[in-house]
Structures are given as C-alpha cells and as structure tokens.
Amino acid sequence: MATGRLLCWTLCVLVGNIVLAQNVEILDYSVNAIGQVQLEINGEADKYYLLHTTHEPNEDYELTTSITMGVAGPMVISEPLGAFPESNYEITAHPIANPDDTDGDGIDDITEYNGMPALAPLNFGNEVPFVDGSLSIDNADTYTALAVVDNNIPWAPFLNNQEFVKFAILNQDTDEPEVYFINSVTHYIHASFLGTINTAGADVVTGEVVYNPNTVLPNGVIGAYSFNYSFGNAYSFEHTQRTFELLAANMPFLQNNFRHFIGGSSQDQHLNNFAEDFVGSRIGVILENEVVVDVDYLPFNPAEGYGFFRQMTLGETPNSRDIVLYDALPNTLPRVGGIITSVLQTPLSHVNLRAIQDNVPNAYIKNPLEIDSIAALLNNYVYYKVEGEQYTLRAATLEEVNAWHDNRRPT
C-alpha cells in the first residue's frame, strides 16, 4: 500500500457519478500516550478523510478503519485501535458535497456518518430500528442503551453480572460484511434478533462485546471493552482478526481499549493451535483463567486532609469540611475536605479536576463500606491521606480538624 507521501488523484465511481478521491500527504507521524496513531495532514473544511489500514502480521488484510470530517489547516487522523507503522496507512480525501459510498451499501458516507448509530459509513448492514439494534456504537451512551446485565447465563457463565451487548456479523469474509450491534434488552438470544433481518445464505458470526469499567490497561486507560464469540469459542487468527477489526471500525469512540476474550473451555484450543499467529498483531487476548481481579484502590490526587466523613447522595450538597464518599460521580462538586468514590473515575473527570484545584485527597476504593475500618468511621471526624500505594483513614478529633482548616485559611 502506498504511504500517501505523493499527491495523486484517483477516479472512483459512485452510483453513476464520478467522484474525485485524493491521496493525502502525511505531514507527521506520531503515537499518543494511549498508543493510538496520530497522522497530521493539511486539512480542508469541505472534505472528509478516510484512513485505510494494512494490518500486521497478516499484511494481505486491508480495511478502512476511520472517517474524519475535515477542518481547514493542520488536523490529525487516527483510528480506534493501537498504532501500526506509518507505512501501513493511507489517507484519502473526499468532497463532502459529492460523497463516496465507501461500504458500497447504496447510501453515501456523509448520510451514514450523520445518521450514526442507526447507520454506519463503514458497514454494509441494513438499518434496523433501535429497539432491535444499530449498525454502529458511536459513544458510551449508545453502548449502555443497547447493553444488558444478567446474573444467570448458563451457556456462557463468564458473562454473568457483566454489562454486554450482543453482536452478529453476516458475511464477514466478503467485501460486503454486515455488522449488527443487537439491542440486548429486547433480544435475549441472538436468534431472536436474526429472525428480524434477512440472513438467507449468509455466514453468521455471533458473540458479545463486554465492558469492564474497573479494568486499568497498561496504557493508562480506565475501562476496557472486549469481545468474545458465543460460548467463548476460539478461532483462527485470520477469522478473529476480521471480527475484531470490523467491530472496532464501527465503534469509533474506543481508546485503544479493545481486546479479545476466550472462555475456559476453549483456552487449550487457542494455546495449542492459534496463539502463535496472534504475535505481532494488535489483538490483545484474554484467557478466562488469566482474568485479573479488579483493582481495589486507585489514587487520583495524592494529598491529605481532615473533616467529617459523610456518605453522599447525588442530591446532597457537602460543605468544605466534609470528607465525602460517593457511590456515583456527581456532575458538579463544591470544595470539600477529601473525596472517596466506590466507582472508578478518570484523571480528567470533574471530580478529580476539582480535587487537584483544591489540593484535596481523592481516590477510588472498591466497596469501601465493606471494609470494617472504613465503615466504622462513617459520620465521624477523620484524617484522610492518599498516597501512591496506599491510603490512610483514621479517627480524628474536632480540635485536629479545626486546627487543620484554620492553617489552610488564606490570610
């Protein structure tokens, strides 16, 4: 595949119209902090840009992996997954006023881009009502709207108490793969959804996309998505690669936090027959017996403070001397003495930005009120300190609290 270093024009045919698609020069190549490629180009506001990717180690596999609307001047093109070398990428520019039909489904790219999640510019599938599913998952809210949590899934116990969205891919080994994200609240089993679309003569691949909010990846991203085949089955690298890439291309909000899960009954099959083929790819494989226990503690802002330890609901307003415990993240937070959450934050969450601004301790602690030493301090004065490897929460006197806040009061 060309690197896009030379400017040239290519004629493409779209429903009888001639559309000019221009190969775009890549001005700079870099990789961001979470491992995604950053390809700088000189953009134009009346164009949109497609990223075409050659995959490793199977370099015969090429796919359009992202679509980006243009802006005038320098802009960055990326994709949902981890970066390949620069030579694996090509960028083409297309006029917004006369768009192409990249997936060949008869609907132009711009109409499908603007119609997400019901439509998808990189997906040959036919639109379905949202009550049945969607062709793309454009953000975390769409994922949540399609997802279900169940505690009794006998055919796939690894899904018990997990948030997941079922998927089905028709004809994934052809040039016209159809990717469907199933409304899993409506359809308890895949067959229920498949009965609503035309599957005649189609090869069908099914599975689930699972979200694990408490997973912390090596790249620092909090919260990971993984896909598994139905029953946790294992398949060849080529088969898995197509599934993985097709799903990711239609989940543009991913932050290089997508992996592949294999159930315990198929682990040996993967290890004995397929594992070596995944080396050098960007598919991180998780085996059921290697699943890491969720983290128990994450420091977000190392600091210390004194105050009155209170469990808060979202409708309550704390005061500046409260050490607050939240089971859900508030949208806004006034000045407080310290923060504990039992749900994971992100370093750039409003809660943590406020903690940094006010220089107060802030940490995630898993199930804090199930820890006797914490539960016993609720509704009492405490000293709270957050450090890199541990936290301290102990009883304090009112005199200690007053002295601490008196010393912090500006002159």
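One-based numbering along the sequence shown. Note: hydrogens, waters and symmetry copies are ignored here, and every other heavy atom, side chains too, is used.
For the 3.5 Å distance criterion, the side chains of Asn139 and Thr142 qualify, holding a donor opposite an acceptor. A donor and an acceptor atom, one from each side chain of Tyr61 and Glu59, are nowhere located under 3.5 Å apart. A side-chain donor from one of Thr206 and Ser230 sits under 3.5 Å from a side-chain acceptor of the other. In summary, the side chains of Glu245 and Thr65 do not present any donor paired with an acceptor at a separation below 3.5 Å, with no hydrogens or angles considered. A donor-acceptor contact closer than 3.5 angstrom links the side chains of Thr102 and Asp109. With 3.5 Å as the limit, one finds no donor-acceptor pair spanning the side chains of Asn256 and Gln36. A donor-acceptor contact under 3.5 angstrom links the side chains of Gln311 and Asp327, judged on distance only. Gln172 and Asp203 are not linked by any side-chain donor-acceptor pair at a separation below 3.5 angstrom, with hydrogens and angles left out of the test. Inspection of the Tyr229 and Thr243 side chains reveals an N or O donor paired with an N or O acceptor under 3.5 Å. Looking at Asn212 and Gln162, their side chains do bring a donor and an acceptor atom within 3.5 Å of each other.
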Inset, instruction - Could you check Leu378 against Leu369 for side chain to side chain contact (heavy atoms under 4.5 Å, CB included), going step by step and ending with a plain yes or no? - result: CA-CA 9 Å; Leu378 202 60; Leu369 294 183; 4.3 Å; yes

Legend entry - Steps toward side chain to side chain contact (heavy atoms under 4.5 Å, CB included) verdict (Ser136, Asn123): CA-CA 8 Å; Ser136 59; Asn123 184 350; over 6 Å; no

Legend entry - Candidate pair Asn301 and Val386, rule side chain to side chain contact (heavy atoms under 4.5 Å, CB included), full reasoning: CA-CA 7 Å; Asn301 190 52; Val386 170; over 6 Å; no

Inset, instruction - Dump the intermediate steps for side chain to side chain donor-acceptor pair (under 3.5 Å) on Glu238 and Asn58, then the final yes or no. - result: CA-CA 8 Å; Glu238 289 77 11; Asn58 175 19; 5.1 Å; no

Legend entry - side chain to side chain contact (heavy atoms under 4.5 Å, CB included) between Ile182 and Leu146, worked out: CA-CA 7 Å; Ile182 300 170; Leu146 294 169; over 6 Å; no

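No side-chain heavy atom of Glu40 sits less than 4.5 Å from a side-chain heavy atom of Ile26. The shortest side-chain heavy-atom distance between Thr240 and Phe237 does not fall under the 4.5 Å cut-off. Here the side chains of Leu333 and Ile339 are in contact, with some heavy-atom distance below 4.5 Å. You'll find the side chain of Phe274 reaches within 4.5 Å of the side chain of Gln269, heavy atoms only. The shortest distance between side-chain heavy atoms of Glu178 and Ile169 does not fall below 4.5 Å. Side-chain contact check for Val37 versus Ser78: some heavy-atom pair is nearer than 4.5 Å. Looking at Ile365 and Leu325, their side chains never come closer than 4.5 Å, going by heavy atoms from C-beta outward. At least one side-chain heavy atom of Phe258 sits less than 4.5 Å from a side-chain heavy atom of Val209.
Taking the six-membered ring where the residue is Trp, the centroids of Phe309 and Tyr381 are separated by 6.0 Å or more.
Residue Phe124 comes nearest to Asp103 through the heavy atom pair CD1-O, 3.2 Å, listed as atom of the first residue, atom of the second, then distance. When every heavy atom of Val204 is checked against every heavy atom of Leu194, the shortest pair comes out as CG1-CD1, 4.0 Å. Listed here is the closest heavy atom pair of Ile137 and Pro252: O-CD, 3.4 Å. Annotation for Asn151 and Asn160: closest pair C-OD1, 3.5 Å, computed over non-hydrogen atoms. The nearest pair of heavy atoms linking Ala249 to Leu63 is CB-CD2, 4.5 Å. Nearest heavy-atom pair across Pro330 and His350 is O-CD2, 4.4 Å.
To the nearest 0.5 angstrom, Asn359 atom CG is 9.0 Å from Arg335 atom CZ. Within the model, atoms CD1 of Ile283 and CZ of Phe244 stand 5.5 Å from one another, a figure rounded to the nearest 0.5 Å. In this structure, the separation between CG on Leu170 and OH on Tyr180 is 6.0 Å, given to the nearest 0.5 Å. Note that CG of Asn114 and CE of Met69 are 7.0 Å apart. Values are rounded to the nearest 0.5 Å. Taking CG of Leu353 as the start and CG of Asn362 as the end, the distance is 10.0 Å to the nearest 0.5 Å. Within the model, atoms OG of Ser266 and CD of Glu288 stand 9.5 Å from one another, a figure rounded to the nearest 0.5 Å.
Between the side chain of Ser192 and the main chain of Ile189, no donor-acceptor pair closer than 3.5 Å is present. Counting only distance, with no hydrogens or angles, the side chain of His190 and the backbone of Ala168 share no donor-acceptor pair below 3.5 Å. Of the possible donor and acceptor atoms, none in the side chain of Thr199 sits under 3.5 Å from a partner among the backbone N and O of Ala202. Looking only at distances, no side-chain donor or acceptor of Arg259 sits under 3.5 Å from a matching main-chain atom of Val285. A donor-acceptor pair under 3.5 Å links the side-chain atoms of Asn183 to the main chain of Phe130, judged by distance alone. Judged purely by atom type and a 3.5 angstrom limit, Asn250 uses its side chain to pair as donor or acceptor with the backbone of Leu246. Between the side chain of Asp105 and the main chain of Ile107, a donor-acceptor pair closer than 3.5 Å is present. When atom types are taken as modelled, the side chain of Asn257 and the backbone of Gly223 share a donor-acceptor pair closer than 3.5 angstrom. Looking at Thr196, its side chain does come within 3.5 Å of a backbone N or O of Phe193 through a donor-acceptor pair. Of the possible polar contacts, one joining the Asp322 side chain to the Asn319 backbone as a donor-acceptor pair under 3.5 Å is found.
By the 30° and 60° cut-offs, the orientation of the rings of His94 relative to Tyr48 is parallel. By the 30° and 60° cut-offs, the orientation of the rings of Phe227 relative to Phe167 is perpendicular. Classification of the Trp404-Tyr306 ring pair by plane angle, with boundaries at 30° and 60°, yields tilted. In this pair, Phe84 and His55 present their aromatic rings perpendicular. The plane angle is above 60°, beyond the 30 to 60° band. The aromatic rings of His260 and Phe278 lie parallel to each other, their planes meeting at an angle below 30°, with 60° marking the opposite boundary.
Residue Pro361 is tested with Tyr383, Tyr391, Tyr384 for a side chain to side chain contact (heavy atoms under 4.5 Å, CB included); the sole match is Tyr384.
For residues 270-281, there are no side-chain hydrogen bond (donor to acceptor under 3.5 Å, both in side chains) pairs, not counting sequence neighbours. Residue pairs meeting the ring-ring contact (aromatic ring centres under 6.0 Å, His included) criterion with at least one member in residues 205-226, sequence neighbours excluded: Tyr143-Tyr225, Tyr211-Tyr225, Tyr225-Phe253.
The existence of a salt bridge linking Arg310 and Glu316 is confirmed by a sub-4.0 Å separation between a basic side-chain nitrogen and an acidic carboxylate oxygen.
The number of heavy atoms from other shown groups lying within 6.0 Å of CG (Asp372) does not exceed 12.
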